Student: 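Mind having a look at this structure? Questions to follow.
Numbering of ligands and ligand atoms starts at 1, following listing order. If you read the sequence from its start, that first residue is 1, and numbering goes on from there. All values derive from a computational prediction rather than experimental measurement. Values below: every heavy atom of this structure, side chains too, minus hydrogens, waters and symmetry copies.
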Amino acid sequence: MTDVAKRSSRAPVPSGWEYAPAPEARDIVRIEERYGLYVDGQWLEAKEHYTTISPSSEEPLAEIAQAGPEEVATAVAAAREAAENGWAEISPTERAKYLFRIARILQERSREFAVLESLNGGKPIRESRDVDLPLAAAHFFYYAGWADKLEYAFPNRRPRPVGVAGQIIPWNFPLLMLAWKIAPALAAGNTVVLKPAETTPLTALLFCDVVRQAELPPGVVNIVTGDGRTGAELVRSEVDKIAFTGSTEVGKAIQRELAGTGKRLTLELGGKAANILFDDCALDQAIEGIVNGIYFNQGHVCCAGSRLLVQESIYEQAVAKLKRRLKTLRVGDPLDKNTDVGAINSKQQLEKIRELVEAGEAEGAEIYQPPCRLPEKGYWFAPTVFTNVAQSYRIAQEEIFGPVLSVLTFRTPEEAIEKANNTPYGLSAGVWTEKGSRILWMAQRLRAGVIWANTYNRFDPSSPFGGYKESGFGREGGRHGLEPYLEFE
Ligand code: NAD
Ligand code: MN
C-alpha cells in the first residue's frame, strides 16, 4: 500500500457539511434614534412616529416619522419649487453628473447599505450585498447615461419632464425599488417625493445622506415616511405623476382615485409566475433556477417563480431532486454570510403566508418542508413545496409572496401555455428547454412582461420590466423606463 492510500483510509469523508456562523459586522451602520422627514434638503421634525424593527429578532431599531397631510403637502411644494426653479433648467450633462455621483457613492457605501437592508428587511446579507446594492448602483449609472441623451432616445419628439413625481414603493427590495423610481425620474428632469414602505424605511433614510453628499440641489429628492395613509396623501397631493409598486388591491384603489385627474400613473403590481420545465431541460441547472426563482428573498418577489409547471415525464425525478436540494438551504440570521433564506419581512406577511399554506393543505395539496430549526424570535417560514396542486386551489391562483412553491404538471407545450396564462397576473415566466425554437415559440405565447429562458430572476437596468393584466402597466428599466417621466410634443 502506498502512503497516500494509507492516509486517505484514516481520514473518512465527512458525511455532512457543518458551517460555523459567519456573521457580518453590524457596527458599520449608525442608526439614529429618531428620524424626521427629508424635505427640501433638510430634516423636518414630524408630529407622529412609529417604531421600525428588525424582523429577524423583533429588536426595535428606530423611531420613524408618520407623515400627515400637511407634511406631505410641504414635501410636494418643495419638489415643485425645485422642478420649476432649477432642476429641469440645469444642463442635462450637469444632471448626469449628479446621477453618476450618486451611483459612485452607493458603490463606496455598499457594505453599509447592505447591512442596513438586511437588518431592517430580513433578507440574507449575501443577497443585499451581491444583488440589491450592485443593481441599485447600476440603475443610477445606467440612467445617468441617458440624462444628456434624451433627444437621441426619443428622436424628433422633444421630450420634456413631467414635473413632480410621487413614488410609492414596497418592502421587498427597499433600496433597489428606490433606485428604479428615482434614477429615471431625475434623469428625465423631474423632482420626486418618495415614500418607502412602513416596515423598511431605513435605507431610504440613509439614501438622504447620499443625496446630501452628492450635493443635489434641495427639493429634488424628498423622502416622506409613513404607512398607507401617507401613501394615500401623496396620491391625492399636487403631484403630476404617481409611480406605484405594491399590491394589486392598493394599485386598483390608486387607479380609481386618479381617474379623471389628468395625473399620470404607472403600476407595478403582483405576479404568479410559471416556471416551466420541459423534459429535455438540463435538470440540475433547472433545479437551481427553481430554487432561485422562489426562495430568493424568502419569495418576497413580485416576479417569483411561484408555480412550477413540470412536464409529466420528468415529474418524479424533478420533485425528488428539488426536495433533496431544499434540505441544503440554510434558514436563519440574515446577517450570517452562509444564510440562504432569511426572515419574513413582517408579522402581517407571515400571517398571510400561513393562511394561504393552511388553505393549500385544507384544499388537498401535499406539503413538503425540509427539516430545519427556525429561530424562536422573529418571523420565519420554512421553505415549502406543494405537490398534488389543482389549478383551482388558492395556492395556485393567489400571490403568496413567501417561500412557497406550488407544483403542477403538463403534457404538451400547448397545455403548458394554457396553464401558465391561467392567472389574473402576467409579470414574468421561466422556460427551461434545450431547444431555442421552443423558447421562442413559448415566449410568443406567454402573456408575461418578462420571460427568462434557462435562467431566472436576472435583472439588468437596460432591460424593461413590467406587467400584463393585473400585474400593472408601464415599464421600468431601459429606454422604456424613461417614457413615463416625459411629456412629448
Ligand atoms: P401594499 O400595496 O399595501 O404596500 C405597498 C406600498 O404602498 C407601501 O409603501 C404602503 O405603505 C403603500 N400603501 C398602502 N396602502 C396605500 C394606499 N391606500 N395608498 C397609497 N399607498 C399605499 O402591500 P402590502 O400590504 O405591504 O403587501 C400585501 C401584498 O401585496 C403582499 O402579500 C404581496 O402579495 C403584494 N406585494 C407585491 C409587491 C410587488 O413588488 N409587486 C410588493 C409588496 C407587496
Ligand atoms: Mn397593504
Side-chain angles (χ1 to χ4, degrees), residues 50 52 55 64-67 69 72 120-123 132 166-174 176-178 180-181 193-201 203-204 223-237 239 242-258 263 265-273 294 296-304 306 344-357 379 381 394-395 397-404 423-428 449-450 457 459 465-474 476:
Y50 69 93
T52 189
I64 303 298
Q66 165 71 39
V72 170
N120 198 196
K123 64 172 67 197
D132 296 61
Q167 308 180 312
I168 301 168
I169 58 171
W171 38 263
N172 49 346
F173 294 91
L176 184 58
M177 288 303 104
L178 174 150
W180 279 30
K181 295 280 181 285
V193 178
L194 177 133
K195 191 199 87 62
E198 52 268 45
T199 56
T200 53
T203 47
I223 307 281
V224 294
T225 51
D227 59 16
R229 289 169 296 168
T230 308
E233 282 305 331
L234 188 54
V235 170
R236 276 193 289 270
S237 73
V239 293
I242 288 286
F244 173 80
T245 300
S247 62
T248 297
E249 183 198 349
V250 173
K252 284 181 178 172
I254 293 177
Q255 194 173 9
R256 273 194 295 270
E257 172 88 31
L258 292 190
K263 286 180 200 165
L265 176 64
T266 44
L267 296 174
E268 202 268 86
L269 310 174
K272 191 74 188 174
I294 185 65
F296 172 65
N297 200 26
Q298 299 73 246
H300 300 330
V301 184
C302 45
C303 53
S306 51
I344 299 303
N345 185 265
S346 68
K347 192 156 178 261
Q348 292 88 308
Q349 191 57 30
L350 181 59
E351 276 159 15
K352 184 187 166 187
I353 296 168
R354 283 192 178 139
E355 183 204 323
L356 278 158
V357 166
Y379 314 127
F381 202 86
R394 286 182 68 194
I395 53 168
Q397 287 294 330
E398 293 179 33
E399 183 176 50
I400 302 175
F401 228 61
V404 182
T423 160
Y425 294 111
L427 194 55
S428 59
V450 181
N457 273 344
F459 299 95
F465 184 91
Y468 280 68
K469 302 190 276 186
E470 291 202 1
S471 291
F473 49 80
E476 295 184 292

Student: Could you measure the distance from the CZ atom of Phe173 to the CZ atom of Phe459? Nearest 0.5 Å is fine.
Tutor: 6.0 Å
Student: For Gln397 and Thr423, what are the C-alpha separation, side-chain angles and deciding distance, and is it a side chain to side chain donor-acceptor pair (under 3.5 Å)?
Tutor: CA-CA 6 Å; Gln397 287 294 330; Thr423 160; 5.4 Å; no
Student: Please report which non-hydrogen protein atom sits nearest to atom 35 (C) of ligand 1, along with the residue it belongs to and the distance in Å to one decimal place.
Tutor: Glu399 OE1, 3.4 Å
Student: Should the proximity of Gln349 to ligand 1, defined as any heavy atom under 4.0 Å, be assigned to the side chain, the backbone, both, or neither?
Tutor: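 Looking at Gln349 and ligand 1, just side chain atoms fall under 4.0 Å.
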Student: Using 0.5 Å steps for rounding, measure from the CD1 atom of Ile353 to the CZ atom of Phe401.
Tutor: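 One gets 9.5 Å once the value is rounded to the nearest 0.5 Å.
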Student: Look at atom 14 (C) of ligand 1 and say which protein heavy atom is nearest, naming residue and atom and giving the distance to 0.1 Å.
Tutor: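 Going by distance alone, atom 14 (C) of ligand 1 is nearest to Gly228 CA, 3.4 Å.
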Student: Starting from atom 16 (C) of ligand 1, which protein heavy atom do you reach first, and at what distance in Å?
Tutor: Val250 CG1, 3.4 Å
Student: Does any N or O atom in Cys302 lie less than 3.5 angstrom from one in ligand 1, N or O only?
Tutor: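 Among all N and O atoms of Cys302, none is under 3.5 Å from an N or O of ligand 1.
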Student: Check whether Thr200 reaches the backbone of Pro174 with its side chain - one donor and one acceptor, N or O, closer than 3.5 Å.
Tutor: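 Looks like no, no N/O pair under 3.5 Å.
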Student: Please report whether atom 30 (O) of ligand 1 has a protein non-hydrogen atom at a separation of less than 4.0 Å.
Tutor: yes
Student: Quick check: Leu269 and ligand 1, any N/O pair under 3.5 Å apart?
Tutor: yes
Student: Tell me which part of Thr248 gets within contact of ligand 1: side chain, backbone, both or neither, using heavy atoms under 4.0 Å.
Tutor: neither
Student: Please write down residue, atom name and distance for the protein heavy atom closest to atom 26 (O) of ligand 1.
Tutor: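 Protein heavy atom with the smallest distance to atom 26 (O) of ligand 1: Trp171 NE1, 2.6 Å.
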Student: Of the backbone atoms (N, CA, C, O) and the side-chain heavy atoms from C-beta on, which set of Ile169 has a member under 4.0 Å from an atom of ligand 1: side chain, backbone, both, or neither?
Tutor: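 Ile169 to ligand 1: backbone contact only, side chain stays beyond 4.0 Å.
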Student: Examine the side chains of Thr52 and Asn120 and answer whether a donor and an acceptor come within less than 3.5 Å of each other.
Tutor: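 Result is yes, a qualifying pair exists.
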Student: Roughly how far apart are Leu269 CG and Thr248 OG1, rounded to 0.5 Å?
Tutor: 4.5 Å
Student: With no hydrogens and no angle check, do the side chains of Asn345 and Thr199 hold a donor and an acceptor under 3.5 Å apart?
Tutor: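 Yes, a side-chain donor-acceptor pair sits under 3.5 Å.
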Student: Report yes or no: does Phe244 have a heavy atom closer than 4.0 Å to ligand 1?
Tutor: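 Heavy atoms of Phe244 do come under 4.0 Å of ligand 1.
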Student: Between the candidates Ser471, Gly251, Ser247, which shows the shortest non-hydrogen contact distance to atom 2 (O) of ligand 1?
Tutor: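 Among Ser471, Gly251, Ser247, the closest heavy atom to atom 2 (O) of ligand 1 belongs to Ser247.
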Student: Mark up the atoms of ligand 1 that fall under 4.0 Å of a heavy atom belonging to Asn172, in ascending order.
Tutor: 40 (O)
Student: So if I count the atoms of ligand 1 from 1 in the order they appear, which ones are less than 4.0 Å from some heavy atom of Glu268?
Tutor: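 Under 4.0 Å from Glu268, ligand 1 has these atoms: 41 (N).
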Student: Taking 4.0 Å as the limit for heavy-atom contacts, which would you say applies to Lys352 with ligand 1: side chain only, backbone only, both, or neither?
Tutor: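 For Lys352, the contact with ligand 1 is made by the side chain alone.
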Student: For the pair Asp227 (side chain) and Glu198 (backbone), establish whether a donor and an acceptor sit closer than 3.5 Å, ignoring hydrogens and angles.
Tutor: no
Student: With heavy atoms of Gly231 as the reference, note each atom of ligand 1 found under 4.0 Å away.
Tutor: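 Listed by number with element, the hits are 19 (N), 20 (C), 21 (N).
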Student: Check ligand 1 against Ala197 and write out every atom of the ligand that is under 4.0 Å from a heavy-atom position of the residue.
Tutor: 9 (O)
Student: So which protein heavy atom does atom 43 (C) of ligand 1 come closest to, and at what separation?
Tutor: Pro170 CB, 3.5 Å
Student: Indicate, as side chain, backbone, both or neither, the part of Thr230 found under 4.0 angstrom from ligand 1 when only non-hydrogen atoms are considered.
Tutor: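 Neither part.
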Student: Starting from atom 44 (C) of ligand 1, find the nearest protein heavy-atom neighbour and note its residue, name and distance.
Tutor: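 Protein heavy atom at minimum distance: Phe401 CE2, 3.7 Å.
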Student: Of Ile169, Leu176, Thr266, which meets side chain to side chain contact (heavy atoms under 4.5 Å, CB included) against Lys181?
Tutor: Ile169
